[in-house]
Amino acid sequence: MDEGLIEYILKKSKEKGADDVVVNLGESTSSQIKFVHNKIVTIKNSVDSACSIFLVKDKKVVETLIQDLSTKNIDNTITKLIKFANISQPNPNYVCIAQGPFKYKKAESPDKKLVNIGDKTVDLLETGINSALSAGANRTAGTITTEVANSILGTSNNVFAKDFGASIAFSIRAFAEKDASGHGVSCSTTLKDFNPTEAGTHAGEIAKSALNPQLGIAGKYDIVFEPLAFAGFLEHTMDSASIFSVEAGFSFFANKLNKQVANNIVNLNDHGYINGGLGSGICDAEGVPTQNNTVIKDGVLKTYLHNSSTAARYNTKTTANAGLISPNPTNIVLAPGKLTQDELIKSIKHGLLVTNLWYTRFQNYSTGDFSTIPRDGIFLIEDGKITKSIKDIRISDNMLNLLNNISGIAKNQQQIVSWEVGTPTFTPSVLVKNVNVTKSTQ
Amino acid sequence: MSTIVKNLMDTDIADFSVKYATKLGASYSETRLVSLDGNSFVLKNSIPEISAFGKTCGIGMRIILNGHMGFMSTNNLDKSNIRTEIEKTISMLKRGEKIAVEEELSREESFKVKDIVKQKEKMQDKSADEKLALLTDIDKALVSQKFEVSGRYLTISDVMENKYFVTSEGTEIHQEIPRINVVYLLTVGSGQKSVQRYQTYNGVGGWEILKDWNLIKTLVDESKSLNDNIVNGIKAPKGVIDVIAAPEVVGIAVHESTGHPYEADRIFGREGAQAGESFVTEKMLGEQIGSGIVNVVDDPQLENNGGYYRFDDEGVKARRKFLIKDGKINEFLHNRSTAAKMNLKSNGSARAAEYSVEPIVRMSNTFMLPGKLSEEELIEDVKLGVYMKNFTEWNIDDKRFNQRYIGSEAYLIKNGKICEPVKRPVLEVTTPTFYSSIDGLSKKVGFVGGSCGKGEPMQGIPVTMGGPTIRLRNIKLGG
């Protein structure tokens, strides 16, 4: 990629009257193999590149994305951006972008084996499918995805940063019968830590155990959520911590700073450079070096997620979570406990083991009222033991209740990225007491 | 070289890609060249957060080699890159052959056509200022209310979608579709005493569409109703009663529990890993699923609705599909692959959200057909019931069998009269129970917009959903 191009865009924009400019040039190569009924149905390859330009003039904030990187198009685009800014309205909330230069941690080189994996993903896919079948499934569906991405960031405030990354993700749903399924995922930034066998086996084992499910019964349950299920709750939690969500009404953490929002065993971080995190990078979208932010400590909300502009308004420091308009989480990390998942289950008199969730929807983001649907294996726990497979229930509760009712955290931490969880989330299994379960009337 | 499109996009590269794949042995190939040129604006609590514009262009290509399907996409439209990516895709197809399924597509008519959606007032002629003014006018109207509208998150976006679709079978279709999308979140009151309203309006056409939506009045009326619900709302009744569901509630119900489970790719398990499968099976065609007055259709040809198209993303001519006819399961949504599995012709339901994703089976504008009653007639013989004008939280399981809708603006009905507002009535029912309980339909229909998610990677596409006001008899209200 052409580093001079960024300098050219910054220079031209300033010449035309821009106050602040952020340019991000990125390219990515990805492949995905989709399989259904244990067979490949599509093989996909994608190669894309684009350049985003964020420009502020007289507090008027504008942005564009271009693909044509010819000098002529860049010149035209900058002229159009300035014109667009001139007829836009000022954003009185805009303060600044970060002032560089910054010293960055040395970025880890992407795993060469992963970068050069090519069509070997077919073998890994087969391994995952066969593991699920060996564990008791009779059919599987899912995807294996690889991505290699590079980016260069430059700003008018003396920031220049180059970053790169590679990742692989496997998602497999295994079926033992139409109503008996399990889901497993494995994702990593290195091939050595990627484990399709474990994901396939886990999905197959759940599917087999979920055979002959009975209709669930509404009521209150103590629930152990496996990592795939609990990651979705943590993503909603961290999204709620973004100051943009708080201001826009999408957060249940408004007016909760330095207040107890979860049980005191909960320690939740946003970790921008955690080893192996699919969301890790050297800096945020305005070039501030990524941080490990303690968002919830001993159950208390310690900070909202900020960029430089929002931080200045709240008289605090950026948390290196830019999003130039909306601060975003990077990698979400729930600190593990000391127990095993089995020990959590043994502690329950009347409860459930939930292995996956889907379709979480909020009645009111600001109060945290929601419902969500357990899918794949759901198991009744009686007197510390799993006694049967159940189906057709819904969890209808409140996020603040749920966080406060966390009473056990296991040590089996796993990184989750899934259809329902877009931000990489490291979480173990979690026990939540007294969760409200409803079901459809017939 | 295509003769259809002039001076819009470089269609040569699309034509070249199809020919090159054929040269390398593909039995079938198709290319969608898609250009999106649009603007977006965000207003948050009276503050214009950001104004953006952008233009993207790329190709998405499907290739069948030795019976196996590959997909390639890129926004680098240099011939050398296209060649490399096609070769890479073909190499991977060969590598995966031993565990790949044989893909068969239904035989379909080829077309060489151009469809340009007309705009009475071209959105390209509207300045950024005018577009943002729409949001600021709504915001001012909300702020001037006597009660607190504490959260006002308003967005508007417009995009000109330009698509050129070419296949090795001789199809060349150019479509130009202008789209407008408005999404908002209103918060009335504060803290535990707040209520929220999240809604999407989308349409195909020019700026004139916005007049039909009458957004200032709509949002002000909605915020007044939300405030009325906070101040005067009573507990919703529970137990077996009648429910009158207005078009917005009917729309989400038919989208979730008719449209999705009738997508044939779900029925055949292709979306089993994520979007899910379906409680409906091939054998259930013709089975009674609801009362005899229920008819649900999916119709891409509704002009100005957000799910409009004349040709789908496999080049098949769009038509109305009767999913439920006289209460019976009548037809599924098909692309060429699922149609071939059932020895049918495709009914034109393949859509791709952008150039970089494959076309899969999707809904367009899904709605229940109207009846002959007025809304007043539906309500007048309800002794005890609830009128649900719209909803807030909703979801449905991945088989599409257990669904739940929580009323937002809702009222008690006593002896045929609408009375005080009720707080958050919960309709949590199975799909057959919902459709079997319907005994009355209004003659007037309404629609709302939405973004429907499906696929791997996730594809959000614009759809609309709606229907008449309906009466559900003797249904259990919970919560």
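Every chain is numbered from 1 and lettered A, B, ... according to where its sequence line falls, protein lines coming before strand lines.
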Any Lys/Arg nitrogen of [X] or [Y] sitting under 4.0 Å from an Asp/Glu carboxylate oxygen of the other?
X	Y	result
Glu428(B)	Arg394(A)	yes
Glu456(B)	Lys34(A)	yes
Lys399(B)	Asp179(A)	yes
Glu277(B)	Arg139(A)	yes

Side chain, backbone, both or neither: which part of [X] has a heavy atom under 4.5 Å from chain B?
X	value
Thr29(A)	side chain
Ala248(A)	both
Phe54(A)	side chain
Leu324(A)	neither
Lys80(A)	both
Ile172(A)	neither
Gln89(A)	both
Thr121(A)	side chain
Thr438(A)	both
Phe370(A)	backbone
Pro374(A)	neither

Got a donor-acceptor contact below 3.5 angstrom from the [X] side chain to the [Y] backbone?
X	Y	value
Arg173(A)	Gly272(B)	yes
Asn364(A)	Ser194(B)	yes
Trp419(A)	Gly455(B)	yes
Asp119(A)	Met92(B)	no
Asn91(A)	Glu49(B)	yes
Asp397(B)	Ile373(A)	no
Trp358(A)	Ala275(B)	no
Lys178(A)	Ser278(B)	yes
Gln196(B)	Tyr365(A)	yes

When only pairs under 4.5 Å are counted, which of [options] shares the most heavy-atom pairs with chain A?
options	answer
Ile63(B), Asn76(B), Leu132(B), Leu185(B)	Leu185(B)
Asn81(B), Ile396(B), Ile406(B), Thr84(B)	Ile396(B)
Asn395(B), Thr74(B), Thr392(B)	Asn395(B)
Asp129(B), Ile50(B), Val357(B), Thr56(B)	Ile50(B)
Gly151(B), Ala52(B), Gly54(B), Gly70(B)	Ala52(B)
Arg197(B), Glu358(B), Glu103(B)	Glu358(B)

Taking the side chain as everything from C-beta on, heavy atoms only, tell me whether Pro92(A) gets closer than 4.5 Å to Ile47(B).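 Heavy-atom side-chain distance check passes, below 4.5 Å.
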
Gap between atom CD of Gln274(B) and atom NE2 of His183(A) - 0.5 Å precision: 4.5 Å

With Met69(B), which of Ile40(A), Val41(A), Thr42(A) fulfils side chain to side chain contact (heavy atoms under 4.5 Å, CB included)?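 That would be Thr42(A); it is the only one of Ile40(A), Val41(A), Thr42(A) passing the side chain to side chain contact (heavy atoms under 4.5 Å, CB included) with Met69(B).
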
Answer with side chain, backbone, both or neither: which region of [X] has an atom nearer than 4.5 Å to a non-hydrogen atom of chain A?
X	value
Asn45(B)	side chain
Gln403(B)	backbone
Ile99(B)	both
Thr187(B)	side chain

Parallel, tilted or perpendicular: rings of Phe53(B) and Phe84(A) (30°, 60°):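 If you compare the ring of Phe84(A) with that of Phe53(B), the planes turn out perpendicular.
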
